[in-house]
Amino acid sequence: MSRRTLLRGAATGAGVLALPSLLAACGGGPSGVTLGSNASDAVPKKAFAEAFKAYEKESKKTVKVNTVNHENFQENINRYLQGTPDDVFMWFAGYRMQYFAQKGLLTEISDLWRGFEGFSEALKKQSTGKDGKQYFVPYYYYPWAVFHRKSVFKDKGYEVPKTFDQYRALAKRMQKDGLVPFAFGDKDGWPAMGTFDYLDLRANGYDFHIALMRGQKSWTSPQVRQVFDLWRGLMPYHQKGANGRTWQEAAQTLQRKRAGMTVLGLPHPGQQFSAADREDLDFFPFPEIDPAHGQDAVEAPIDGFLMSKKAKDVGGAKDLLKFLATPGRRRSTSRATPTTSPSTPAPTPPPTTCSRRKPHGSSRAPNRYRSSWTVTPGRTSPPRS
Amino acid sequence: MPTPLARRARRRGPRRHTRRDLAVLGVLLGIPILLDLALIWGPTLASIGLSFTTWDGIGDIQWAGGKNYENLFTNYPQFWPAVRHNLLWLAFLGLIATPFGLLLAVLIDRGVRFSRFYQSTLYMPVVLSLAVVGFIAQLILSRDQGALNAVLADKRNPTDWLGDPDLNIWMVLLAACWRHTGYVMILYLAGLKSVDPTLKEAAAIDGANERQTFFRVVLPTLRPVNIIVGVITVIESLRAFDIVYAINKGRNGLELLSVLVTDNIIGEAARIGFGSAIAVVLLLVSLGFIVTYLVQELRGEEKR
């Protein structure tokens, strides 16, 4: 499976590619909409600013954006939503949205969803609260995969591994060639979780993984032990001293051709690469462990927009959400956002940004809602308990 | 001042207050007391109360009894390491950094050459926040890009100073000492400057050697400074937070009680009840140390 097909598959799977639909008639709102943004990094901030500008131009209304540092936004979300939140705010799909929906802090937007086009069932499910109503407008998501450098693979004659045995054999060979097979940094606490999730997904399947994340399966079960056994088998091929290394530093070893592969999200590794080098970055889906589960499931955290319960300008907020949900809008943002992924050769790449966002959100919260992992385009795994 | 006068003044004191005096006193004392109650006692008691509940920061507060504490002591893997690290911090600052600061102060006070230079150099880290000290420590100790490993030039198997859980706490303690020593030194320098030189002369006339003079004469006169330094050391070590947070958010061997409190209370899934329980433990530990220390010091004061 090439990168292109993965991208295309992921994108169509999520239904992001549907044809642009005409904007539904604009509803009227009093004055301007306020929007709480967690896109504090320069690149996504600019991309969103363009989206809002386009809306302002089209609707002749104003959007007042309050940008908060990404981490602070997450840490304060609880108080933010109970205080005086903005009408519309950025957040994550799935469990992390459902929690606040359940607490009655979000405005239901099922009526808007009836008019939405181009979203897959999976994305709709991710936007739906536990009460069966929709609360979320998906905006972009990015898959996780195994990254490598094309030139290194070509020079050494490596082939993209399909199965776990091939993966291990390749790692062994890389080590013999003097490369670190897996660049690895876990100082921030979350990058290693991506590897865990993939090992569990491939070995035990999507349903088990989801149940585990929901706290319905035991973390001491034989299946989980098996995941750690598999991982232990790979440990000799991982870069040593991961606890003292950030993922940025790990990606640098890949960039310098000292490491062969690394498991990260689409926006992550490329940030270390120069524009010319970025062409050389490629990725493949995490290899198959159990043929019964194949390579289908893909991790892809979904970000989007929600409306707070206390929204003052309800009409304006809904109007803005409607605009942001149009496929044309979503795609032009993805174009405005230079992805750090292997350039953009795929016909229409899934929207990504190269923010330094943590896909996990509050990764240090030692508790229930730590993870925003989304598995399979449009399906979110809930929390680790 | 002749004592009879003072005694009389004290006896008459209360009677001499006019209505206006009382009003002024009421306002001047009342405002700070109200502020103290509202800003310090209120939150403290609220934390203690909340520590017996489960509350996620939204909606209803449910009573949980001692369940938070039970979980904390038996079922929370980070808790005991955090307690140990806090105590280690206290021991390290109290037994190494503080005496070292005193030593430096004595040396500088005796007027070694370039003492001004040493004084300002050693004091310099104190102006930095511990978080900044943490960033500096990372520049030096980072495994792949740190200065120390570059100097050691062990390319094959460099030491992971900040990632290795057996090692990182010591590195962080060194960094914390770097700052604490200067702080203690400056306090003792100020104290030493105020020691009456005639005391030392008298000791010299009585035939005391330098060591005896220091331990029997100078150090006892430094008692007030000792109290301050002791309390500062205890407080600094119990509230330690920023440096480990700057380095790796208090994970992988750098757990501290203050980090656990923040981890639980801040964030999307605020476990305010559980976090409060940890805060209460921290409060009890600090009260234990500070109260015994102050009581002892004050008793010693009275005896003299």
Side-chain angles (χ1 to χ4, degrees), chain A residues 38 71-83 91-92 95-97 99-100 102-105 180 183-190 192 239-246 248-250 252-253 256 258-259 309 358 360-372 382-385, chain B residues 54-60 71 75-79 82 137-138 141-146 148-149 154-168 171 244-255 259-275 278:
Chain A
N38 61 4
E71 284 296 296
N72 294 349
F73 192 88
Q74 270 152 243
E75 281 165 4
N76 290 314
I77 185 76
N78 219 315
R79 265 151 287 153
Y80 170 78
L81 289 179
Q82 291 181 81
W91 196 244
F92 312 95
Y95 200 94
R96 293 175 77 183
M97 169 275 292
Y99 175 70
F100 294 111
Q102 214 174 1
K103 293 285 179 184
L105 294 172
V180 176
F184 192 42
D186 200 37
K187 195 171 175 182
D188 303 311
W190 54 262
Q239 205 171 2
K240 300 265 178 312
N243 284 342
R245 188 182 298 111
T246 59
Q248 286 95 337
E249 287 169 314
Q252 250 172 53
T253 35
R256 289 184 190 154
R258 287 197 200 137
K309 192 79 188 176
K358 285 185 185 178
H360 274 289
S362 178
S363 59
R364 69 164 188 270
N367 39 38
R368 294 167 293 166
Y369 310 100
R370 181 187 258 166
S371 161
S372 76
R384 290 150 209 282
S385 50
Chain B
T54 56
W55 190 40
D56 51 13
I58 311 174
D60 302 336
N71 273 332
N75 205 7
Y76 192 52
Q78 288 110 310
F79 179 69
Q138 292 191 70
L141 299 170
S142 155
R143 182 184 186 273
D144 295 346
Q145 292 156 357
L148 183 59
N149 278 347
D154 182 358
K155 282 257 158 68
R156 269 238 178 131
N157 200 10
T159 315
D160 192 4
W161 300 107
L162 293 176
D164 185 343
D166 295 330
L167 210 61
N168 52 12
M171 292 298 127
V244 297
Y245 207 73
I247 287 175
N248 67 0
K249 304 232 155 109
R251 277 188 296 249
N252 293 332
L254 294 185
E255 290 83 2
V259 171
L260 301 189
V261 174
T262 337
D263 267 357
N264 280 284
I265 288 185
I266 288 184
E268 318 165 39
R271 297 167 83 193
I272 292 178
F274 193 67
I278 306 173

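All values below come from the heavy atoms of this structure, side chains included, with hydrogens, waters and symmetry mates left out.
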Subject >> Atom of Lys103(A), atom of Asp56(B) and distance for their closest heavy-atom approach >> reply: NZ-OD2, 2.5 Å
Original post:
If you round to the nearest 0.5 Å, how far is CG of Asn78(A) from CD1 of Ile265(B)?
Top reply: 11.5 Å
Subject >> Gap separating the CG atom of Asp160(B) from the NZ atom of Lys187(A), nearest 0.5 angstrom >> reply: 9.0 Å
Subject >> By salt bridge (Lys or Arg N to Asp or Glu O under 4.0 Å) - contacts of Lys309(A) (at least two apart) >> reply: none
Subject >> Residues in salt bridge (Lys or Arg N to Asp or Glu O under 4.0 Å) contact with Arg245(A), at least two apart in sequence or another chain >> reply: Asp144(B)
**OP:** Enter the distance from Asn243(A):CG to Leu167(B):CG here, rounded to the nearest 0.5 Å.
**Re:** 12.0 Å
Subject >> Atom pair CD/CD1 of Gln74(A) and Ile266(B) - distance to nearest 0.5 Å >> reply: 12.5 Å
**OP:** Examine whether an atom of Phe100(A) lies under 4.5 Å from a heavy atom of chain B, and if so say whether it belongs to the side chain, the backbone or both; otherwise answer neither.
**Re:** side chain
**OP:** Examine whether an atom of Leu81(A) lies under 4.5 Å from a heavy atom of chain B, and if so say whether it belongs to the side chain, the backbone or both; otherwise answer neither.
**Re:** neither
Original post:
CD of Glu249(A) to CZ of Arg143(B): how many Å apart, nearest 0.5 Å?
Top reply: 10.5 Å
Original post:
What part of Gln102(A) is in contact with chain B, defined as an atom under 4.5 angstrom from a non-hydrogen atom: side chain, backbone, both or neither?
Top reply: neither
